[in-house]
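Read the structure below first, then the notes.
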Amino acid sequence: MLHRLALLLVCVVSPALAGTHPRLVFSPTFVETVRQAELQQPRLGRLRARLSGDLGELVLPGEVLAAAALHLFAPTGGAGPAQLDLIARHLSEPDALGPDLLECVLAMDWCWADLSVTARQLFLRRMLEDPQILEPGDSPLEHDGFRRKLAYLALALAVEEDEYRSPEWGPARTRILRAARDYVLTALPNYLAWRGGVPTSSANGPWEESNTAWLLELGSLAVGKNLWAEHAEATGRWLEHYLLVSSADQAAPRHVVRDDGDADPPHPADHATSLLPMTAHLWAARTGDPAAVALARDLDAALTRRNIDPALWSWLDVALRMEGFATANRERLPAQRNLGGAVVFRNAGDHGQYLIWIEAGQALLRRGQHFDAGHFLIEGDGPLLTDAGADIALEAVGAKRGEQRLGSGRATFPFEQFAASSLAHNCLLFEEASRVYEWHGKPFVPRGGQRPIDGSCRDFQTPLEVQERSTGRLLAYGYRQGASYAALDLTDAYDNRTVTRYTRAFLLLWNKVLLVIDVAEPAGGSVTPIWLAQLPVAPDRRLLDPRLQVRGETEDAGIWRIPAGDWIRCTSRAGTLALRSLLPQERVVSLVGGTGARARILDGAFAGRSYVGGSADTFERLVAPSSRDNVGNAWFRLGAPTRLGAEFGGRVQQLWGRVEIEAPAANRRHLLVTAIVLDPAELPLSQVRITEEPGGALLFLRDGARAATVQLQMRDTLRGFVVVDPAEPAWELPEGIVADPKLETE
């Protein structure tokens with residue numbers, strides 16, 4: 001396997017012989033090796049059969065590159081005149097719905113000698129009408145513009161000056177290559193470090209990973225060294241998150257929707273456009289990462305789920321072969337994992353399968369990211385703690401007969417504000433009535449959350465802290481038998497006029513009991529910490545006692561102040577959790593929710609789909625804590641939307657309301673501890689004993705025959721120990737980050 005990987009890595013940066021093609025992705029020497037080895041390759045037979053018929057006028061994304069790959073690797077009996085004509089036609093007269101520019105450049109390079117000079121020159125002439133050059137502030141997280149610039153970089157690498165004699169091409173090529181070299185040597189390292197190993201949103205992930213793969217691939221040629229190997233520590237595990245969050249039922253795999261309420265791609269090949277099906281194969285071939293290999297082997301199934309013909313991409317197994325590469329063992333995935341930007345706790349034991357996703361302070365780099373540092377999600381058979389946002393900013397608009405409102409107001413309210421705010425997430429708020437913010441040039445209405453950072457990052461040189469784009473960092477991470485732990489410093493996510501210091505920690509006991517521990521120092525005595533948890537469905541109806549209801553015109557929508565020591569039980573599909581506040585002793589616990597009633601889209605392509613939009617007099621999405629006066633509900637209506645993700649209106653649109661746990665405002669330092677029990681019995685914990693100590697607390701928890709002791713101390717950082725087995729010594733809570741082992745392989 002190491003020999004195979006070394007060969008592929010060499011091919012990334014080995015210059016082609018003068019005047020020879022291909023120059024992109026594969027070298028002529030490598031192509032010849034594959035040709036000799038693949039005479040009996042059945043995968044090419046699938047592709048040949050797919051391309052042998054009448055392709056028609058409408059060409060799908062991937063068809064042009066598939067024809068080029070067949071010609072490249074099986075020239076005898078491979079792509080015939082019809083396929084070469086297909087490539088030539090799209091070079092000469094591109095179709096806006098067909099292949100993107102990068103696909104066209106690759107196809108031209110791979111079939112250079114057999115394409116007509118006219119077709120090549122028409123394509124090059126069109127490209128030169130508006131040359132695109134990488135600028136230092138360009139971000140791979142913003143797909144369309146960045147992808148176009150990658151296509152021009154590929155063109156500059158593929159076509160030398162003497163192959164297209166034009167007074168414009170030589171100078172343009174020089175500028176493109178010089179700018180690319182500067183970018184990969186200066187901006188790329190910081191971008192990789194700041195973005196980390198998880199997407200800035202679930203829906204944007206496949207585009208981010210594809211752009212980064214091609215930046216590494218083409219950048220290696222531009223600078224003449226293997227950037228994949230140079231940045232292996234930063235990028236080697238980028239695709240792991242797809243495996244770690246995948247469901248046990250592989251017939252219906254899903255990701256965890258974190259920021260975007262309309263999509264949860266379970267695989268990097270979310271679409272066929274922009275060469276997304278190549279991502280996992282490139283990552284696997286260039287890094288040998290077992291997770292990437294597993295995803296590459298899953299490609300056919302992933303494409304089939306998206307109604308994409310897998311035969312078009314069958315050449316990948318020929319060109320980017322994985323023989324001898326280790327594959328991650330899906331049946332033996334770890335119970336905890338630090339993904340860089342997120343921490344995942346998994347449980348597939350006696351209590352069903354649960355997943356806890358924790359936002360570990362990823363920098364805010366892209367407009368569209370949410371203010372959710374420290375936010376966490378819990379999934380079982382369905383969502384148990386969810387995200388209250390919805391990605392409808394461009395769909396619930398007047399032009400599409402939709403509306404976005406705040407309470408009973410007649411003016412349009414930008415619902416995007418609520419969806420992005422900490423109020424829509426499972427975060428800690430710091431409510432201060434006098435603090436007012438702006439976002440995208442408008443007053444930011446949601447109250448008490450994290451700083452509304454504006455726009456996308458355009459500076460990959462200045463430290464994040466100076467740019468005020470840092471939202472936190474992972475302080476500690478570790479695990480032992482019966483316990484997993486992660487601690488985050490989230491101070492940077494909040495205004496320093498409001499919060500002096502804030503640490504959030506997660507301690508999972510017995511793969512069943514999650515303690516969420518918040519240690520906060522507000523900057524002033526008027527700041528009130530409020531703990532939030534978003535509920536997908538209504539809690540146990542016994543808690544919604546009319547005698548406890550303080551707002552609301554009906555018995556099923558409003559605000560209830562419940563006894564502080566009560567367990568809040570929530571059942572979603574086959575999964576159940578129970579939640580209870582343990583500390584502080586003085587606290588106000590509220591249930592805030594609407595009916596969860598589903599509206600229905602009546603017109604357009606999505607007619608019949610249902611969703612939870614709320615209304616002026618419901619309480620699903622209040623824009624301030626419920627203890628404040630005159631708090632309006634953010635709600636929306638859809639008329640005839642034109643673009644909704646596959647998951648919109650489904651499980652990610654389950655929403656009832658939220659839990660609020662409000663601490664006293666007067667404390668100088670706050671310790672908030674909340675227990676969440678997964679798959680609880682009728683009595684979630686058979687015993688809970690809490691002893692407050694100077695600067696901390698001692699907790700004793702019993703679950704049937706099992707007992708745990710947890711001591712917490714508020715110092716400069718959270719300290720303490722855990723005893724989960726009387727026969728074992730106490731486990732000191734980690735103060736550093738324990739390295740994850742390699743994934744187990746098949």
Side-chain angles (χ1 to χ4, degrees), residues 343 358 360 374 376 427-430 472-480 482-491 494 499-510 513-525 527-531 533 564-565 579-589 661-677 685 687-703 706-726 728-738:
V343 170
I358 300 165
F376 65 108
C427 293
L428 189 65
L429 304 183
F430 292 92
R473 61 192 176 95
L474 184 65
L475 284 175
Y477 165 79
Y479 45 88
R480 61 170 292 174
S484 303
Y485 180 77
L488 320 171
D489 179 355
L490 302 175
T491 309
Y494 298 84
V499 178
T500 300
R501 182 176 298 170
Y502 171 39
T503 300
R504 165 165 275 194
F506 298 85
L507 176 61
L508 182 64
L509 304 175
W510 311 309
V513 179
L514 178 69
L515 297 181
V516 184
I517 305 158
D518 295 284
V519 180
E521 295 182 22
V527 179
T528 304
I530 302 173
W531 193 95
L579 180 154
R580 178 187 162 185
S581 171
L582 303 184
L583 288 171
Q585 298 283 9
E586 295 182 34
R587 58 195 185 271
V588 177
V589 179
I661 302 170
E662 184 168 332
N667 292 1
R668 185 181 67 83
R669 177 180 285 177
H670 294 267
L671 173 62
L672 294 89
V673 182
T674 307
I676 299 173
V677 182
L685 289 174
Q687 187 178 359
V688 177
R689 190 167 64 242
I690 306 162
T691 304
E692 291 194 271
E693 301 176 334
L698 185 67
L699 311 178
F700 177 80
L701 310 174
R702 180 177 293 280
D703 178 43
R706 298 181 300 193
T709 301
V710 181
Q711 185 188 58
L712 304 173
Q713 296 177 326
M714 297 185 291
R715 299 180 183 175
D716 291 341
T717 59
L718 183 66
R719 305 284 181 86
F721 66 82
V722 181
V723 178
V724 291
D725 184 344
E728 297 290 333
W731 181 46
E732 294 284 341
L733 292 179
E735 296 182 41
I737 299 173
V738 175

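Side chains are part of it too, since the values below use all heavy atoms of this structure and drop only hydrogens, waters and symmetry mates. Because the structure is predicted, anything quoted here is derived from the model rather than measured.
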Atom NE2 of His670 and atom CG of Leu583: how far apart are they, to the nearest 0.5 Å? 13.0 Å
Can you list everything that forms a side chain to side chain donor-acceptor pair (under 3.5 Å) with Arg715? Sequence neighbours excluded, please. Gln713
Ala523 to Thr500 - nearest heavy-atom pair and separation: CA-OG1, 3.5 Å
Check: Thr503 and Thr717 side chains under 4.5 Å, non-hydrogen atoms: no
Grab the two heavy atoms, one from Leu672 and one from Ile661, that are nearest each other, plus how far apart they are. CD2-O, 4.5 Å
For Glu692 against Gln585, the heavy-atom pair lying closest together: OE1-CG, 2.8 Å
Should we count CD of Gln687 as having more than 12 external heavy atoms under 6.0 Å? yes
Under 30°, 30 to 60°, or over 60°: which ring-plane class applies to Phe376 and Trp531, parallel, tilted or perpendicular? tilted
side-chain contact (heavy atoms from CB on, under 4.5 Å) between Phe506 and Leu515, worked out: CA-CA 6 Å; Phe506 298 85; Leu515 297 181; over 6 Å; no
Value rounded to 0.5 Å, distance of CZ in Arg580 from CD1 in Ile676: 13.5 Å
The reported gap from OH in Tyr477 to CG in Leu488 (rounded to nearest 0.5 angstrom) is 12.5 Å
Test your reading of the model: is there a side-chain donor-acceptor pair from Asp489 to the backbone of Thr491, 3.5 Å cut-off? yes
Once you round to the nearest 0.5 Å, how far does CG of Leu582 lie from CG of Leu699? 6.5 Å
Within this structure, what is the CG-CG distance for the pair Leu507 and Leu514, rounded to the nearest 0.5 Å? 8.0 Å
side-chain hydrogen bond (donor to acceptor under 3.5 Å, both in side chains) for Trp510 and Asp703? Distances and angles first, verdict last. CA-CA 10 Å; Trp510 311 309; Asp703 178 43; over 6 Å; no
Closest non-hydrogen atom pair between Val527 and Pro522, with its separation: CB-CB, 3.7 Å
Determine whether a donor-acceptor pair (N or O, by modelled atom type, separation under 3.5 Å) exists between the side chain of Arg504 and the backbone of Leu490. no
Rounded at 0.5 Å granularity, tell me how far CG in Leu712 sits from CD in Glu693. 9.0 Å
Non-hydrogen atoms of Pro664 and Pro529 that approach each other most closely: O-CD, 4.1 Å
What heavy-atom pair brings Val724 and Ala708 nearest, and what distance separates the two atoms? CG1-CB, 4.2 Å
Residues passing the side chain to side chain donor-acceptor pair (under 3.5 Å) test with Arg473, sequence neighbours excluded, are none
